[in-house]
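Here's the structure, in structure tokens; my notes come after.
Residue numbers start at 1 and run along the sequence shown.
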Amino acid sequence: MKDKKILLYAGTTEGRKLASYLGRRGVRLHVCVATAYGESLLPEEKNITVTHDRMDSGQMGEFMRVFEPDYVIDATHPHARLVSEEIQEACGRTGVRLERCLRAEGEQNKARDWVEVDSIQEAVSFLSSVSGVIFATTGSKELEVLCQIPDYQKRVYARVLPTSNVLKKCEKLGITGSHLIAMQGPFSTEMNTLFLRQTKAEWLLTKDSGRAGGFQEKVEAARENGTRVVVIRRPEEDGISLEE
């Protein structure tokens, strides 16, 4: 394995575990993440190089031609469909073998009032048609769309990563003060329950991010607190598990 060169697109728990595993085994590994924060979470090994530059499929393909990996691993977030599509396109053009690392699904004991949607826009349309406080755990990338919800500054409580760029974005959008929770997970069921009670949330907005994304702990907290759940479904895709 040591003579192999692997290009890993990470930014998830699975990506960090793969980077650590391959790094310890002396594989020449380059890891691409989306942010400097994501880079800071990766292991420091002599055989691992990292970049946090955002690339389109053309730039990805050019990097693959320069790095010449034996194969590419896509361990990006299950809801980052555009990134996965660009990685697939770049690998198709360069002829590099691609493996998609799939996230294990969590148990889904759906409640009767569990609402499932296919996109953040569909979630916003639904939440605009009902009343009640919303505890949003979909991340900072979705905040602009949440601002379409009537009276969002009073209704929406957002939990986001505690980075300077994210905090500036929240301030610009008017999501501030007690309506902004900037914390790094993972979050236990007990902590999620505390947030739901503190905010008096009637709705929990979440993506189906699987076991590694803390999905089960969120829906269990909602069940305990009597909070209704709006879930953005995970897109269907082919690949292999982290263990495989």
Taking E122 for its side chain and D118 for its backbone only, find out whether a donor-acceptor pair lies under 3.5 Å. yes
Please answer whether the main-chain N or O of R28 pairs with a side-chain N or O of N47 as donor and acceptor at a distance below 3.5 Å. no
Working to the nearest 0.5 angstrom, can you tell me the gap between L7 CG and L29 CG? 8.0 Å
Any side-chain heavy-atom pair from I175 and Y157 closer than 4.5 angstrom? no
Test side-chain contact (heavy atoms from CB on, under 4.5 Å) applied to E217 and E190, step by step: CA-CA 8 Å; E217 288 79 4; E190 291 75 18; over 6 Å; no
Is the backbone N or O of L204 less than 3.5 Å from a side-chain atom of T137, with the two atoms forming a donor-acceptor pair by type? no
Nearest heavy-atom neighbours spanning L146 and A136: CD1-CB, 3.7 Å
Do L194 and L196 sit in one hydrophobic cluster, given that two such residues count as connected whenever their side-chain heavy atoms are within less than 4.5 Å of each other, even indirectly? no
Do you know which two heavy atoms are closest between Q184 and F187, and how far apart they sit? C-CZ, 3.8 Å
Are the side chain of H179 and the backbone of V156 linked by a donor-acceptor contact shorter than 3.5 Å? yes
Hey, quick one: are V83 and Y71 part of the same hydrophobic cluster, counting side-chain heavy atoms closer than 4.5 Å, chains of contacts allowed? no
Validation row: H30, V50 side chains within 4.5 angstrom (heavy atoms): no
So for atom CZ, which belongs to R54, do other residues, nucleotides or ligands contribute more than 12 heavy atoms lying within a distance under 6.0 Å? no
Treating Ile, Leu, Val, Met, Phe, Trp and Tyr as nodes and any side-chain heavy-atom pair under 4.5 angstrom as an edge, say whether I134 and L143 lie in one connected cluster. yes
Quick one: does any side-chain atom of K169 pair with a main-chain N or O of S140 as donor and acceptor, under 3.5 Å? yes
Which atom of A221 lies closest to which atom of T193, heavy atoms considered: CB-OG1, 3.3 Å
For a 4.5 angstrom cut-off between non-hydrogen side-chain atoms, does D208 reach R233? no
Can you check whether K154's main-chain N or O pairs, donor with acceptor, with D151's side chain at less than 3.5 Å? no
Backbone N/O of G132 and side chain of R155: donor-acceptor pair under 3.5 Å: yes
Any side-chain heavy atom of E99 within less than 4.5 Å of one from D74? no
Salt bridge flag under 4.0 Å for residues E220 and R223: no
Same cluster for V72 and L22 if Ile/Leu/Val/Met/Phe/Trp/Tyr side chains link at under 4.5 Å? no
How long is the gap from SG on C101 to NZ on K17, to the nearest 0.5 Å? 10.0 Å
Whether over 12 other heavy atoms sit under 6.0 Å from E171 CD: no
Is the shortest heavy-atom distance from the side chain of M191 to the side chain of M183 under 4.5 Å? yes
Can you check whether T49 reaches V31 side chain to side chain, under 4.5 Å on heavy atoms? no
Atom pair SG (C32) and CD (Q59), whose distance is rounded to the nearest 0.5 Å: 11.0 Å
Main chain of T206, side chain of K218: is a donor-acceptor contact present, judged purely on distance under 3.5 Å? no
Atom pair CD1 (I73) and CG (L8), whose distance is rounded to the nearest 0.5 Å: 5.5 Å
Considering non-hydrogen atoms only, spot the tightest contact between V117 and A123 and give its length. CG2-CB, 3.8 Å
Could you measure the distance from the CG atom of L242 to the OG1 atom of T13? Nearest 0.5 Å is fine. 9.5 Å
Does the N225 side chain pair with the main chain of T227, one donor and one acceptor, at a distance under 3.5 Å? no
Sub-3.5 Å donor-acceptor pair from the side chain of S20 to the main-chain atoms of R16, do we have one? no
Enclosure of Q198 CD (heavy-atom neighbours >12, cutoff 6.0 Å): no
Compare all side-chain heavy atoms of V124 with those of L205 and state whether any distance is below 4.5 angstrom. no
Do S57 and R93 come close enough that some side-chain heavy atom pair is under 4.5 Å? yes
Has K141 got more than 12 heavy atoms of other residues, nucleotides or ligands less than 6.0 Å from its NZ? no
If you round to the nearest 0.5 Å, how far is CD of Q148 from OG of S128? 7.5 Å
Is the terminal nitrogen or CZ of R25 (NZ for Lys, CZ for Arg) located under 6.0 angstrom from the six-membered ring centre of Y21 and within 45° of that ring's axis? yes
Determine, stepwise, if the pair R159 / N192 fulfils side-chain hydrogen bond (donor to acceptor under 3.5 Å, both in side chains). CA-CA 11 Å; R159 188 168 71 193; N192 282 316; 2.7 Å; yes
Between F215 and K207, is a side-chain contact (heavy atoms from CB on, under 4.5 Å) present by the stated rule, with each step listed? CA-CA 8 Å; F215 179 67; K207 295 175 181 177; over 6 Å; no
Nearest heavy atoms of L180 and C170, plus distance in Å: CD1-SG, 3.5 Å
Would you say I232 ends up clustered with V130 if hydrophobic residues are merged whenever their side chains have heavy atoms under 4.5 Å apart, either directly or through other cluster members? yes
Looking only at heavy atoms, what is the nearest atom pair of L18 and A75, with distance? CD1-CB, 4.2 Å
Evaluate I6 against D70 for side-chain contact (heavy atoms from CB on, under 4.5 Å), listing each step before the verdict. CA-CA 6 Å; I6 297 176; D70 291 283; 5.6 Å; no
Could you check K46 against I48 for side-chain contact (heavy atoms from CB on, under 4.5 Å), going step by step and ending with a plain yes or no? CA-CA 6 Å; K46 292 181 180 179; I48 298 178; over 6 Å; no
Taking only residues at least two apart or on different chains, which pairs with a member in residues 120-145 satisfy ring pair (Phe, Tyr, Trp, His ring centres under 6.0 Å)? F126-W203, F135-F195
